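Below you'll find the structure, written out as structure tokens, and then a few comments.
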Amino acid sequence: MPASQSAAPEVAITLPDGSVRRYPAGTTGMAIAASIGQRLAKDALAIQVNGKLTDLDQPIAADATIAIVTATQPAGLDLVRHDCAHLLAHAVKELYPDTQITIGPTIEDGFYYDFSPKEPFTPADLARMEERMALIVDRDLPVRREVWDRDEAIHFFNSRGEHYKAEIIADLPRGEIVTCYRQGDFIDLCRGPHASSTGRVPKAFKLMKLAGAYWRGDSRNEMLQRVYGTAWASEKDLKTYLTRLKEAEKRDHRRLGREMDLFHVQEEAPGSVFWHPNGWTLFRACETYLRRRLEAGGYVEVKTPQLVDRALWEQSGHWEKFREHMFTAEAEERIFALKPMNCPGAVQIFKQGIKSYRELPLRMAEFGACHRNEPSGALHGIMRVRAFTQDDAHIFCTEDQITAETIRFCELLKTVYGDFGFTDVHVKFSDRPPVRAGSDAIWDKAEASLQQASLAAGLSLTLNPGEGAFYGPKLEFVLSDAIGRDWQCGTLQVDFVLPERLDANYVAEDGQKHRPVMLHRAILGSFERFIGVLIEHFAGRLPMWLAPVQVVVATITGEADSYAGEVRKALVERGLRARLDIRNEKIGYKVREHSLAKVPVMLVVGKREAETQAVAIRRLGGNAQETLALGDALASLVVEATMPGTSEGATAGA
RNA sequence: GCCGCGUUAGCUCAGCCGGUAGAGCACCUGAUUUGUAAUCAGGGGGUCGGGGGUUCGAAUCCCUCACGCGGCACCA
């Protein structure tokens with residue numbers, strides 16, 4: 001250390017590897033990075049000082065533990081995306097100066113920026129914006145942080161015609177430091193940090209899509225134009241991401257639904273599914289499976305009417321709280337509604353006769369077809385529809401039984417998800433919504449009991465405030481699919497309200513009438529959505545017990561036709577869904593076709609197999625073949641195709 | 001519901017400045033009897049989403065409705 005500088009104050013900087021270096025007080029991240037290496041100085045985007053991310057040019061006054069952040073680290077990548085949002089806004093202001101800018105946060109895999117343009121953007125504008133962004137990177141403009149007086153900032157942005165920005169600042173809590181970042185002529189309100197110059201942003205971004213978005217996310221506000229982009233540390237990462245998107249597109253259930261001939265939708269029945277034979281087979285396999293699990297789980301099954309007089313919905317509260325989602329029909333001067341939920345129907349069954357406490361808990365399942373008039377913009381394939389079948393059940397029980405029933409349900413749900421190949425599940429707890437039925441006292445009780453039961457069931461919950469059903473709080477079970485997307489499927493809701501409104505009661509040990517508690521619960525949620533999730537999760541390659549066609553017996557030559565017929569018959573007799581392909585085509589053609597149709601198993605038979613009573617097994621996805629004696633092949637396929645939860649020795653499901 | 005975009009043969013898509021519709025796959029017919037992801041040849045098929053308008057003339061331009069797609073808002 002040079003003696004001449006010993007008088008100047010120094011700071012001790014601890015690097016990520018634990019080493020300590022001394023720098024003059026007031027040094028910057030940039031200086032530190034430069035002292036470590038040229039490469040680091042070039043790649044540096046920001047610095048973490050005692051865990052807090054800041055700009056490279058911020059002076060460091062005291063001893064600190066630091067880390068130089070580059071695009072290869074998560075915090076650095078996030079910063080790149082944030083920089084890209086600014087680049088985009090900068091580009092837009094240059095190209096379309098009378099556009100107002102609003103907000104531009106980072107999101108998973110990228111960023112977006114919301115604008116209020118004079119003329120709506122078109123997809124062609126995206127290319128222009130992207131080009132301009134690259135140009136601004138090339139200019140390598142310095143990016144400067146500025147601290148502004150709040151009122152001056154408001155005045156400044158207003159004077160520039162940036163009224164949204166001014167509004168944001170005006171809404172900042174008093175006392176908050178207002179910082180802006182300036183690059184060239186562009187200035188934006190921003191907390192930062194940012195890279196020190198535009199040239200440091202890797203040119204690995206792409207503007208992806210144009211969308212509408214409400215100002216401040218409120219549908220009562222004006223609609224802004226949102227530009228979505230993706231950004232990565234390198235062009236290679238960008239390419240990997242774009243490939244991933246393409247792969248995800250191939251799993252799209254709407255595309256696979258058509259390719260696998262499972263279902264279709266058409267404009268005369270928006271939001272309703274036409275199930276084709278293949279798709280309906282899959283639907284029924286799910287239903288059969290679930291029915292077995294429910295029977296084993298102590299449920300009874302019922303069926304309640306589709307079309308019910310308005311009077312019942314008024315009594316249940318649906319007419320008041322759910323009216324806009326209900327389809328109605330008029331006949332005989334009465335108004336009927338298609339049921340949007342099964343619960344009121346279930347209560348009617350409960351109310352028949354006198355129930356004793358001895359009958360509780362009464363677990364009443366229904367594969368109920370519900371209709372809800374969802375907003376047109378919400379419809380999506382078979383995942384979000386207007387007519388759907390819930391794997392619904394209502395458990396009528398006492399307050400004391402809530403905990404045990406919750407635990408029991410969670411176990412069942414875990415088993416079912418596991419059988420379908422989902423192991424990654426998390427749970428959200430939704431409490432009272434603004435629009436609700438029932439008193440606060442009842443809600444207090446319902447929320448407390450559900451929370452307590454969740455605790456007892458060992459669930460770890462994330463809170464989802466204000467998202468409960470109008471009649472009670474709920475647990476929402478969210479599963480993650482093969483490519484990491486989340487789907488809300490299962491639910492458990494505690495309801496003290498409907499039994500009251502619909503006057504359900506049972507006779508307790510004291511000989512008096514008491515109110516039961518209702519637990520609304522579903523595991524799949526709706527068959528339609530769940531099947532959509534299954535298709536995407538497995539990319540169409542359904543496990544054998546679910547596959548609409550489990551086996552195709554394909555011949556190589558006409559000489560094997562009659563033997564192939566016998567093989568198929570033997571499969572069908574053992575409960576397998578098997579088809580015969582004796583067309584006059586080459587085997588390669590047949591293999592390709594059935595592979596594209598995602599049939600899990602092909603049994604190829606030619607002259608050799610016919611003579612030796614054998615089959616050549618070819619599995620989807622592989623190109624290996626195994627020749628087995630017919631009997632052995634049948635035995636192993638039967639095991640493979642067996643539905644989970646089927647007792648030993650039983651054959652595969654319907 | 002809101003914003004933007006789209007709708008052409010069963011599917012995927014082409015069709016430039018308005019001149020009267022095309023490809024590949026699929027389908028049908030014939031030939032081929034084939035050994036693990038496309039055998040060859042021929043053929044049929046579209047009031048260009050519905051309605052209205054501009055024009056001598058509209059798949060193409062304009063208006064409108066429906067549906068779809070991407071988001072937002074809403075939600076199983």
Side-chain angles (χ1 to χ4, degrees), chain A residues 112 114 116-117 120-126 208-228 252 254-255 258-259 261 264-271 322 324-325 340-341 370 372-386 388-392 430 467 469 474 476-478 487-491 493 520 522-530 532-533 554-561 582-597 602-609 616-625 627:
Chain A
Y112 67 77
D114 285 348
S116 175
F121 298 139
T122 68
D125 293 325
L126 291 188
M208 303 297 286
K209 51 199 172 194
L210 213 48
Y214 295 107
W215 167 235
R216 298 199 152 165
D218 189 328
S219 60
R220 289 165 302 190
N221 290 342
E222 59 272 35
M223 173 87 34
L224 305 170
Q225 290 242 298
R226 176 172 296 178
V227 178
Y228 281 94
D252 191 307
R254 293 164 300 188
R255 174 188 177 131
R258 186 176 53 241
E259 287 175 2
D261 196 14
H264 83 272
V265 288
Q266 68 185 49
E267 62 179 273
E268 287 80 358
F322 212 72
E324 74 269 31
H325 295 292
M341 297 184 193
C370 296
R372 293 184 192 169
N373 192 359
E374 300 289 346
S376 58
L379 303 181
H380 176 86
I382 63 171
M383 301 279 217
R384 189 80 187 271
V385 288
R386 286 182 176 154
F388 55 96
T389 312
Q390 292 180 315
D391 65 318
D392 205 0
S430 300
E467 297 294 324
K474 60 185 180 185
E476 291 174 322
F477 297 85
V478 180
W487 301 100
Q488 197 212 302
C489 294
T491 182
Q493 306 165 6
H520 306 240
I523 299 174
L524 308 187
S526 89
F527 283 88
E528 286 78 3
R529 165 174 294 183
F530 193 79
V533 172
T555 50
I556 290 171
T557 151
E559 289 176 275
D561 284 0
I582 54 171
R583 289 174 304 170
N584 177 11
E585 294 290 352
K586 288 189 172 177
I587 192 63
Y589 180 89
K590 295 184 185 181
V591 165
R592 176 181 156 81
E593 200 162 274
H594 300 301
S595 298
L596 289 173
M602 280 187 73
L603 297 183
V604 176
V605 297
K607 208 171 158 191
R608 287 205 298 268
E609 288 77 10
I617 299 192
R618 184 190 214 282
R619 274 166 209 288
L620 180 60
N623 47 17
Q625 306 133 49
T627 302

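Naming convention: chains lettered A, B, ... in sequence-line order (proteins, then strands); numbering from 1 in each chain. Here the structure is a predicted model, which means the values were calculated and not measured.
The interatomic distance linking A:Phe121 (CZ) with B:G4 (P) rounds to 12 Å, in whole Å. Atom-to-atom, NZ of A:Lys590 to P of B:U33 comes out at 14 Å; the value is rounded to the nearest Å. A:Met223 places its CE atom 16 Å from the P atom of B:G70, with the value rounded to the nearest Å. Going from atom CD of A:Glu259 over to atom C1' of B:G10 covers 14 Å, rounded to whole Å. In this structure, A:His594 places its NE2 atom 16 Å from P of B:U36, rounding to the nearest Å. The nearest whole Å value for the distance from the CE atom in A:Met602 to the C1' atom in B:G35 is 11 Å. Counting to the nearest Å, the P atom of B:A76 and the CD atom of A:Glu467 are 9 Å from each other. Between A:Leu224 atom CG and B:G71 atom C1' there is a gap of 13 Å when expressed in whole angstrom units.
Here, B:G22 and B:U8 have their C1' atoms 10 Å apart, quoted to the whole Å. Distance noted for atom P between B:G35 and B:G49: 45 Å (whole Å). Annotation: B:C62 and B:C27 have their P atoms spaced 39 Å apart (nearest Å). For the P atoms, the distance linking B:C67 with B:G50 amounts to 15 Å, nearest Å. For the P atoms, the distance linking B:G4 with B:U12 amounts to 26 Å, nearest Å. On the C1' atoms, B:A14 is 23 Å away from B:G57, given to the nearest whole Å. Taking atom P on both B:G24 and B:G51, the two are 31 Å apart, rounded to the nearest angstrom. Rounded to whole Å, the separation between the P atoms of B:C61 and B:G70 comes to 24 Å.
Taking a pair to require two hydrogen-bonding distances under 3.5 Å in either a Watson-Crick or a G-U wobble arrangement, B:A9 remains unpaired. When both distances must be under 3.5 Å, the Watson-Crick or G-U wobble mate of B:U39 is B:A31. Base pairing of B:C72: its partner is B:G1, meeting the Watson-Crick or G-U wobble criterion (both donor-acceptor distances under 3.5 Å). Nucleotide B:A26 forms a pair with no other nucleotide shown, judged by Watson-Crick or G-U wobble geometry with both contacts under 3.5 Å.
No contact: A:Val265 has no heavy atom under 4.0 Å from any strand. Using a 4.0 Å heavy-atom criterion, one finds that A:His380 contacts the sugar-phosphate atoms exclusively. Contact annotation for A:Gln390: no contact, since no heavy-atom pair falls under 4.0 Å across all strands. Among the protein residues, A:Gly217 comes within range of the sugar-phosphate backbone only, with heavy atoms under 4.0 Å from sugar or phosphate atoms but none that close to a base. The residue A:Ala522 sits apart from the nucleic acid: no heavy atom pair falls under 4.0 Å. The residue A:Tyr112 sits apart from the nucleic acid: no heavy atom pair falls under 4.0 Å. Contacts of A:Glu585 with the nucleic acid, taken as non-hydrogen atoms under 4.0 Å apart, include base atoms. Within the 4.0 angstrom heavy-atom criterion, base atoms lie near A:Glu374.
Side-chain atoms of A:Arg618 come within 3.5 Å of backbone atoms of A:Gly622 as a donor-acceptor pair (strictly under, hydrogens ignored). In terms of modelled atom types and a separation under 3.5 Å, the side chain of A:Lys590 and the main chain of A:Val604 share no donor-acceptor contact. In this structure a side-chain-to-backbone donor-acceptor pair under 3.5 Å is missing from A:Asp391 to A:Ser526.
Residue A:Tyr589 has no polar side-chain atom (N or O) positioned under 4.0 Å from OP1 or OP2 of B:U36. Phosphate proximity of B:U12 to A:Arg258: present, with a side-chain N or O under 4.0 Å from OP1 or OP2. Between A:Arg618 and B:A37, a side-chain N or O to OP1/OP2 separation shorter than 4.0 Å is present. For B:C72, neither phosphate oxygen OP1 nor OP2 lies less than 4.0 angstrom from any side-chain nitrogen or oxygen of A:Ser219. Proximity of A:Lys209 to the phosphate of B:C5: no side-chain N or O atom is located under 4.0 Å from OP1 or OP2. Residue A:Arg254 places at least one side-chain N or O closer than 4.0 Å to OP1 or OP2 of B:G70.
Residue A:Lys474 places its side chain closer to B:A76 than to any other of B:G68, B:G35, B:A76. Residue A:Ala213 has its side chain nearest to B:C72 when only B:A37, B:C72, B:A76 are considered. Nearest nucleotide to the side chain of A:Ser376, out of B:A76, B:G1, B:G35: B:G1.
Within 3.5 Å, no donor on the side chain of A:Arg226 pairs with an acceptor on the base of B:C72, nor the reverse. Judged by distance alone, with hydrogens and angles left aside, A:Arg220 brings no side-chain donor or acceptor close enough to the base of B:C2 to form a pair under 3.5 Å. Donor-acceptor pairing under 3.5 Å, judged by distance alone, is absent between the side chain of A:Glu593 and the base of B:A26. No hydrogens or angles were tested; on distance alone, a donor-acceptor pair under 3.5 Å links the side chain of A:Tyr214 to the base of B:G1. Contact of A:Gln266 with B:G68 (side chain to base): no donor-acceptor pair of N or O atoms is detected under 3.5 Å.
A:Glu609 and A:Thr627 form no side-chain donor-acceptor contact under 3.5 Å, judged by distance and modelled atom types alone.
Of the two residues contacting RNA chain B, namely A:Arg384 and A:Glu268, the nearest-nucleotide position lying further toward the 5' end is that of A:Glu268. With RNA chain B read from its 5' end, the first of the two nearest nucleotides for A:Pro375 and A:Glu609 is the one closest to A:Pro375.
Every side-chain contact (heavy atoms from CB on, under 4.5 Å) that A:His264 has, sequence neighbours left out, goes to A:Gln266, A:Phe274, A:His276.
Between A:Leu620 and A:Ser595, the closest side-chain pair of non-hydrogen atoms falls below 4.5 Å.
Classification of A:Asp218 and A:Arg220 as a salt-bridged pair holds, one side-chain N sitting under 4.0 Å from a carboxylate O.
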